[in-house]
Amino acid sequence: MHLFPNEDYPNELNAAQRAAVEYNDGPALVIAGAGSGKTRVLVYKILHLIRLGYDPSRLMALTFTNKAAREMRQRIELIIGPAARRLRMGTFHSIFLSILRQHASLLGYSPSFSVYNSSDSKNRIKAIIKQMSLDDKVYKPNAVAGAISRAKNRLISPEAYRANVEYLRLDAKAGLGRLWEIYARYTQELKQSNAMDFDDLLFEINILLRNHPDVLAYWQGQIDYLLIDEYQDTNFAQYMIARQLMQERGNIFVVGDDAQSIYSFRGANLDNILRFRETFAGAKIFKLEQNYRSSQTIVQAAGALIQHNKHQIPKEVFSLGEVGEAIELHEAFSGDMEASWVCKRIDDLRRQTGATYDQFAVLYRTNVQSRTLEQVFRRTGIPFRIYGGRSFFDHKEIMDVVAYMRLVVNPNDEEALLRVINYPRRGIGETTMAKLRQQAFEVGKPLMEVLQELELYELGISRATQSKLSGFAALITELRGLSESTADFYEGMQLMISRTGIPVDLMSDTSLEGKSRQENIKEMLSGIEEYSRNAQEQGQEPSLEAYLSEIALLTDQDKKEHHTETGVTLMTIHAAKGLEFKHVFIVGLEEMLFPSILSVESEKDLEEERRLFYVAITRAEKTCHLGYARQRFRNGRTENTQPSRFLRELPPALLKRNSASIDTMVEFERSGWRQQRGYGRDQMASELPQHFTSQSFLPPSPTGGKRRHIGRRVAGEDAEPEVSHERIGDLRVGGRVRHRIFGDGQITALEGLGDNAKAIVAFDKVGSKKLLIQFARLEPLD
DNA sequence: CCGGTCAAAATTTTT
DNA sequence: TTTTGACCGG
Ligand SMILES: Nc1ncnc2c1ncn2[C@@H]1O[C@H](COP(=O)(O)OP(=O)(O)OP(=O)(O)O)[C@@H](O)[C@H]1O
């Protein structure tokens with residue numbers, strides 16, 4: 001192949017990767033396991049296109065995080081230089097936000113529309129629920145927000161929602177008969193506020209492209225190639241964007257791994273991968289099989305785990321790397337001791353292998369788990385960095401400042417107005433605001449407008465309060481003046497922020513938190529300064545609008561790296577997607593936590609949890625360490641736990657159990673097992689002696705505790721005899737049952753316990769089947 | 001309208 | 001344990 005004269009890169013790719021990169025005859029999907037170089041292929045694909053003469057500014061590359069986009073751009077810049085800056089590369093949200101601003105008026109927004117973050121949205125929803133006098137115990141704001149978000153991600157408008165009998169029926173059944181109404185009001189309020197939420201960014205771009213053929217044609221003409229990373233996590237709205245832009249020309253290249261689909265809660269839909277061929281005619285599918293990241297042990301363990309999922313695209317993955325060390329499994333007595341173990345092992349490994357702190361990551365299922373880790377890391381003196389959880393811009397004081405800024409740019413932004421009209425305190429209360437909102441509603445004007453013409457209305461608000469209201473309106477006008485008339489952007493912002501009165505208000509709070517709030521404001525200012533400098537370097541005029549756009553989509557992952565300090569990375573598994581570390585610790589492998597208690601009900605959710613574990617394991621290059629605690633402190637209460645079912649799914653031969661101290665076992669013996677739930681009395685008795693050995697780390701197997709049996713189970717395989725029973729729950733041997741698919745039948749045997757309890761049923765139509773009771777939903781007939 | 005006190009709830013992942 | 005909200009007296 002002599003496409004590239006002074007080849008710097010084909011050597012960096014294997015044959016399969018190169019084939020994908022160099023294929024240029026239409027749509028392509030690269031579907032491959034973890035660590036097989038999908039991201040690398042995407043990078044080289046872009047380089048390849050540029051070498052073929054494509055203009056970087058006409059290549060659109062979409063990622064899911066800002067960080068991924070930034071890193072990809074940097075890698076490309078290293079090779080081709082500053083031209084990489086012209087790539088249209090970023091998250092779906094950020095790329096389409098800028099496009100939406102250009103065409104806002106076509107959609108009924110002004111170009112300076114606000115972008116609501118999740119807490120803005122939630123506040124609006126709360127207010128609407130209250131306004132409609134609905135019970136927020138029934139209409140839980142979080143759940144409502146989730147439902148609205150899901151609707152938007154599936155491109156279901158409020159009108160379509162309302163017209164869909166099936167949705168209404170399901171909602172009504174769940175006692176949420178007025179959900180559609182909340183959705184409709186919410187949408188209307190946002191529109192009136194000249195604001196879009198995160199999901200609107202994807203929704204509205206679809207509307208724009210669908211309803212305005214000229215705009216569609218324009219953008220189709222602007223983009224010569226569309227590339228998408230992590231395609232398995234695209235939702236329907238994102239799929240439709242790709243389709244509208246590229247279905248005709250077919251210049252699309254996507255990479256993904258169905259086994260790493262972990263964002264279904266955000267609407268991610270594997271169908272997008274499955275129907276890629278149908279959507280994009282003539283699509284070619286490439287598979288990559290060699291894992292370059294991890295040891296053979298890690299690749300095999302991950303492979304064995306994911307085998308347990310029924311729904312997956314079969315893939316081979318192999319590693320030619322070293323066999324590597326066994327996966328360490330550690331049982332700790334408590335969350336605290338688990339964290340101590342992590343610290344100790346990091347210390348050991350650092351000494352033994354010379355690894356640096358930044359080559360370690362500690363991954364967990366939920367953000368709260370970072371607390372315990374943080375405390376112990378502090379105590380131990382190991383440097384670390386926590387990603388995720390609350391973003392800098394989620395802090396109250398920052399959101400307050402941002403609200404003033406938003407009001408300056410977009411006076412219709414009702415959420416911003418309600419947030420700060422009485423902060424700092426200026427004596428404008430609930431009652432006044434209720435009257436004003438009523439009035440605004442009646443005349444169909446934004447609140448800010450009403451504030452500016454109070455004298456026109458009969459409001460029943462005292463003179464004194466009226467003047468406070470006008471004062472606020474005047475303040476916003478004044479702030480706008482400051483920001484517009486000050487030549488230096490940063491200086492203007494300084495003046496503006498100080499004029500809001502927030503810094504002074506914070507001064508009066510001398511508590512520790514108060515101090516940290518003041519610090520945050522200072523940090524924000526330095527961020528503004530940096531933004532201003534960057535903009536100018538790139539030859540752009542810094543503006544409040546642009547600044548707000550920039551920060552609207554920032555997350556905690558995007559905090560700038562202080563290269564001076566390196567440390568262990570602490571993050572959720574979700575946040576770790578796409579990353580890699582020499583040494584990975586995965587902690588909190590307990591039932592009800594991982595898998596999450598909210599996911600154990602449905603097999604579909606459980607499979608997603610398993611994929612999450614798969615993602616976690618495959619982040620590791622050299623060693624992988626798993627931890628769980630026998631008891632964990634949660635919501636102010638210490639709870640006994642059971643090891644995660646997923647541990648049983650890893651091949652024992654690849655695991656190295658690591659014994660907890662004797663003290664721990666004694667402590668555990670004293671308080672631990674007695675309260676365990678989920679096992680029958682006999683089972684408990686037969687398990688008892690094992691608690692004194694180091695072999696008790698795994699959950700009891702269905703056979704009654706022969707540990708070596710555990711993990712060897714593959715779906716459908718029953719190598720060893722099962723404990724059998726006469727009854728389990730309301731099922732009994734000899735009883736007749738109904739199955740949703742197989743029809744009616746008679747139970748011939750019951751065996752196994754807990755999650756592994758199975759029924760053998762002789763069905764009238766389809767013969768004898770062995771079913772896992774927890775999934776089979778057998779309905780007793782007598 | 002404000003700020004304090006007290007009781008109840010908390011239940012996952014993110015752009 | 002920490003956060004949120006409802007309630008009440010000034
Ligand atoms: N042909 C290759 N030769 C050497 N190293 C490679 C090759 N391809 C990929 N790698 C390395 O393998 C590792 C994984 O690659 P990459 O992150 O692109 O995989 P991925 O498929 O995107 O992984 P995941 O889906 O798990 O995020 C990286 O360190 C990368 O540099």
Side-chain angles (χ1 to χ4, degrees), chain A residues 62-69 90-97 115-122 126 130 136-137 140-143 145-146 149 152-153 196-203 230 233-235 237-238 261-268 335 363-372 375 387-391 393-394 396 421-434 461-462 464-465 468 513 551-558 571-577 588 592-600 605 608-609 611-613 615-616 632-639:
Chain A
L62 302 173
T63 62
F64 277 79
T65 62
N66 296 305
K67 194 167 172 219
T91 62
F92 275 83
H93 291 83
S94 69
I95 294 284
F96 295 118
L97 171 59
V115 177
Y116 279 9
N117 66 20
S118 339
S119 55
D120 294 319
S121 305
K122 219 159 286 165
K126 268 189 209 161
K130 202 161 202 173
D136 64 1
K137 297 276 183 311
K140 296 199 184 104
N142 271 322
S149 168
K152 287 185 183 178
N153 285 156
M196 294 194 197
D197 66 17
F198 287 149
D199 302 312
D200 284 330
L201 298 178
L202 304 180
F203 185 95
E230 311 277 16
D233 280 321
T234 49
N235 59 36
Q238 291 165 323
S261 172
I262 53 175
Y263 280 98
S264 70
F265 70 92
R266 215 169 64 185
L363 308 180
Y364 34 82
R365 179 66 181 82
T366 66
N367 280 303
V368 277
Q369 291 169 263
S370 66
R371 281 228 148 150
T372 319
Q375 284 163 3
Y387 292 83
R390 290 180 70 199
S391 132
F393 291 94
D394 285 341
K396 185 193 170 300
I421 193 163
N422 198 33
Y423 179 78
R425 297 255 112 97
R426 40 176 83 83
I428 300 168
E430 200 97 320
T431 336
T432 307
M433 289 317 296
I461 293 175
S462 74
T465 309
K468 289 174 191 160
E513 292 148 51
I551 65 170
L553 300 173
L554 286 187
T555 70
D556 194 55
Q557 322 297 323
D558 302 317
M571 55 169 52
T572 63
I573 300 166
H574 280 92
K577 190 173 72 160
M592 328 282 261
L593 180 60
F594 195 8
S596 153
I597 188 164
L598 297 157
S599 299
V600 293
D605 291 347
E608 179 148 325
E609 296 280 311
R611 290 195 291 269
L612 197 53
F613 191 25
V615 170
R632 188 169 291 275
F633 195 66
R634 279 221 264 184
N635 295 342
R637 205 165 276 294
T638 300
E639 283 166 359

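We use all heavy atoms of the structure for the numbers below, so side chains are in, but hydrogens, waters and symmetry mates are not. First the proteins, then the strands, lettered A, B, ... as listed; each starts at 1.
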Practice task
For C:dA6 and B:dT11, measure between their C1' atoms and round to the nearest Å.
Solution key: 22 Å
Practice task
Quote, to the nearest angstrom, the P distance that separates B:dT13 from C:dT4.
Solution key: 15 Å
Nucleotide nearest [X] (side chain, heavy atoms from C-beta), chosen from [options]:
| X | options | answer |
| --- | --- | --- |
| A:His93 | B:dT14, B:dT12, B:dT15 | B:dT15 |
| A:Thr572 | B:dT13, B:dG3, B:dT11 | B:dT13 |
| A:His574 | C:dT3, B:dC2, B:dT14 | B:dT14 |

Problem - Test item: A:Glu230 side-chain N/O and A:Phe64 main-chain N/O as donor-acceptor pair under 3.5 Å - result: no
Problem - Under 3.5 Å: donor-acceptor pair, side chain of A:Gln375, backbone of A:Thr372 - result: no
Take atom [atom1] of [X] and atom [atom2] of [N], then tell me their distance rounded to the nearest Å.
| X | N | atom1 | atom2 | value |
| --- | --- | --- | --- | --- |
| A:Ile573 | B:dT14 | CD1 | P | 11 Å |
| A:Gln369 | B:dT11 | CD | C1' | 13 Å |
| A:Arg371 | B:dT11 | CZ | P | 13 Å |
| A:Asn142 | B:dT13 | CG | P | 11 Å |
| A:Phe393 | B:dT14 | CZ | C1' | 17 Å |
| A:Tyr387 | B:dT13 | OH | C1' | 19 Å |
| A:Glu230 | B:dT15 | CD | P | 12 Å |
| A:Glu639 | B:dA10 | CD | P | 14 Å |

Under 4.0 Å, counting only non-hydrogen atoms across every strand here, what does [X] touch: a base, just sugar-phosphate, or nothing?
| X | value |
| --- | --- |
| A:Arg637 | nothing |
| A:Phe64 | sugar-phosphate |
| A:Leu598 | base |
| A:Arg425 | sugar-phosphate |

Exercise for the section: Kindly state whether the pair A:Phe265 / B:dT12 counts as stacked, where counting means centroids closer than 5.5 Å and planes tilted less than 30° apart. Expected result: no
Give, for atom [atom1] of [X] and atom [atom2] of [Y], the distance between the pair rounded to the nearest 0.5 Å.
| X | Y | atom1 | atom2 | value |
| --- | --- | --- | --- | --- |
| A:Lys130 | A:Asp136 | NZ | CG | 8.0 Å |
| A:Leu553 | A:Ser94 | CG | OG | 6.0 Å |
| A:Ile262 | A:His574 | CD1 | NE2 | 4.5 Å |
| A:Asp199 | A:Asn153 | CG | CG | 4.5 Å |

Problem - A:Tyr423 six-ring face occupied by A:Lys396 cation (under 6.0 Å, within 45°) - result: yes
Does [N] have its OP1 or OP2 closer than 4.0 Å to a side-chain nitrogen or oxygen of [X]?
| X | N | answer |
| --- | --- | --- |
| A:Thr432 | B:dC1 | yes |
| A:Ser596 | B:dT13 | no |
| A:Arg426 | B:dC1 | no |
| A:Asn635 | B:dA9 | no |
| A:Asn422 | B:dC2 | yes |
| A:Ser118 | B:dT15 | no |
| A:Asn367 | B:dT14 | yes |
| A:Lys126 | C:dG5 | yes |

Exercise for the section: Under a 3.5 Å limit for both distances, which nucleotide forms a Watson-Crick or G-U wobble pair with B:dT15, could you say? Expected result: none
Handout entry: Residue mapping more 5' on DNA chain B - nearest nucleotide basis, A:Glu430 or A:Ser94
Key = A:Glu430
Completion exercise
Comparing A:Thr65 with A:Ile428, nearest DNA chain B nucleotide closer to 5' gives the residue A:Ile428
Exercise for the section: Examine the base of B:dT15 for any acceptor or donor lying under 3.5 Å from a partner atom in the side chain of A:Arg266, and report the outcome as yes or no. Expected result: no
